There are 2 protein chains.
Amino acid sequence: MTDTTDIALDDGLRELIGYSMKRATTMVTADAARVLEPMGLRITTFSALTVICNAPGVRQTELAAALGMERSNSVAVIDTLEKSHWITRERSAQDRRAIALHPTTAGIMRQKQARLALLTHEDRMFADLSPIERRDLVKLLSKIRA
Amino acid sequence: MTDTTDIALDDGLRELIGYSMKRATTMVTADAARVLEPMGLRITTFSALTVICNAPGVRQTELAAALGMERSNSVAVIDTLEKSHWITRERSAQDRRAIALHPTTAGIMRQKQARLALLTHEDRMFADLSPIERRDLVKLLSKIRA
DNA sequence: TATTGTTATACTCTATAACTATA
DNA sequence: TATAGTTATAGAGTATAACAATA
């Protein structure tokens with residue numbers, strides 16, 4: 001070190017909250033992806049599967065909106081889940097344009113298994129935060145507005 | 001609404017802190033990108049430019065490590081900054097393998113301008129968080145460990 | 001042998017436009 | 001005419017392997 005104060009190279013970026021958010025989120029999501037990978041899931045497919053398990057019959061457009069993704073991009077995600085036999089596409093009787101998504105028994109089991117693995121992963125990543133601090137973190141994040 | 005409790009479709013995901021982090025970070029970085037775009041900068045190029053302005057003479061490998069990116073991916077970022085005449089590449093005399101990165105006068109001015117725009121953007125995005133809450137948020141994020 | 005910058009490549013996520021079939 | 005699902009496509013970020021020049 002050439003300087004007694006030993007300033008980090010990215011010190012000029014640390015004044016930006018968004019920089020801290022991005023670094024931390026990248027760490028967390030990368031670890032979550034590693035946890036999901038051996039189960040044949042990625043973050044996007046796990047998220048979609050979870051919504052479908054919690055709201056059977058949800059339409060693709062509703063699903064995409066809930067996850068903040070484009071309808072067009074949701075198609076490949078749903079294709080993957082369908083090919084893995086974790087969900088089924090069923091044409092709606094009331095509105096024959098729409099497709100209702102339903103989880104299979106295998107899909108429900110896989111979602112439960114992945115959920116538990118992610119809760120364990122979060123217990124590890126957030127081990128240095130108390131339950132109150134974890135709730136505070138989510139609360140503060142929810143106060144950010146577009 | 002069919003249910004009196006009116007549960008959101010992504011409710012099953014909200015128990016995961018990583019989900020809140022990802023949604024919030026996507027919002028913040030998307031807005032930051034919109035702010036930087038008219039200045040000819042993206043988040044990655046702004047970050048690199050900031051490090052180079054704060055640590056003139058930094059090497060490419062050091063820069064990439066500081067930003068948590070691959071050396072190979074930093075090349076295109078630095079190419080862009082060089083083509084915009086905001087930085088220069090100078091072969092090191094001590095170690096002729098290495099390249100020292102220096103900001104130009106125009107680069108320093110552009111970085112200052114972009115920094116101010118991002119501080120304004122953060123004041124808008126984090127308007128509902130007090131100064132203490134903003135510090136708490138960063139503090140909590142720093143407690144997350146790999 | 002190891003490291004620096006570089007190229008090539010591939011994969012994920014994301015964003016937009018346009019098509020089809022239904023409403 | 002508007003909407004639901006779909007296809008095609010392109011951009012940005014990210015990850016790995018391999019190479020030439022230099023240490």
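These values consider heavy atoms only, across backbone and side chains, with no hydrogens, waters or symmetry-generated copies. Order of the sequence lines sets the chain letters (A, B, ...), proteins ahead of strands, with each chain counted from 1. These figures come from a predicted structure and were not determined experimentally.
- Dense packing is recorded around CZ of R124(A), with more than 12 heavy atoms of other residues, nucleotides or ligands lying under 6.0 Å away.
- With rounding to the nearest 0.5 Å, the separation of CG in D123(B) from CG in L118(B) is 11.5 Å.
- Residue N73(A) places a side-chain atom within donor-acceptor reach of the base of dA15(C), judged by atom type and a 3.5 Å distance cut-off alone.
- A straight line from CD1 of I78(A) to P of dT7(D) spans 12 Å, rounded to a whole angstrom.
- For L67(A) and dA15(C), the CG to P distance is 13 Å, given to the nearest whole Å.
- With distances taken from any side-chain atom of R97(B) to the nucleotides dT3(C), dA15(C), dT14(D), the minimum falls on dT3(C).
- Residue contacts shown for T44(A) are limited to sugar-phosphate atoms, with no base heavy atom under 4.0 Å away.
- Rounding to whole angstrom units, CD of residue E37(B) and P of dG11(D) are separated by 14 Å.
- A salt bridge does not link R145(B) with D31(A): every distance from a Lys NZ or Arg NE/NH1/NH2 to an Asp or Glu carboxylate oxygen is 4.0 Å or more.
- Rounded to whole Å, atom C1' of dT22(C) lies 12 Å from atom CD1 of I99(A).
- With rounding to whole Å, Q60(B) atom CD is found 17 Å from dT3(C) atom P.
- Here the nucleotide nearest the side chain of S72(B), chosen from dT16(C), dA17(D), dT14(D), is dA17(D).
- L36(B) places its CG atom 14 Å from the C1' atom of dA12(D), with the value rounded to the nearest Å.
- At least one side-chain nitrogen or oxygen of T61(A) sits closer than 4.0 Å to the OP1 or OP2 atom of dG5(D).
- For dG13(D), the OP1/OP2 oxygens have a side-chain nitrogen or oxygen of R42(B) closer than 4.0 Å.
- For E70(A), the side-chain atoms get nearest to dT16(C) when compared with the rest of dT6(D), dA2(C), dT16(C).
- Looking at heavy-atom distances under 4.0 Å, R89(B) makes contact with sugar-phosphate atoms alone, never a base.
- Contact of the W86(A) side chain with the T80(A) side chain is not registered, since no non-hydrogen atoms from C-beta on lie closer than 4.5 Å.
- When the nucleotides dG5(C), dT6(D), dA23(D) are ranked by their closest atom to the side chain of R71(A), dT6(D) comes out on top.
- Rounded to an integer number of Å, the gap from CG of L101(A) to C1' of dG5(D) is 11 Å.
- Regarding contacts with the backbone of dA21(D), every side-chain N or O of R96(B) stays at 4.0 angstrom or more from both OP1 and OP2.
- In this structure, a donor-acceptor pair under 3.5 Å is absent between the side chains of S72(A) and E70(A).
- Ranked by how close their nearest DNA chain C nucleotide is to the 5' end, M69(A) and A93(A) are led by M69(A).
- Atom CG of L63(B) is separated from atom P of dG5(C) by 9 Å (rounded to the nearest Å).
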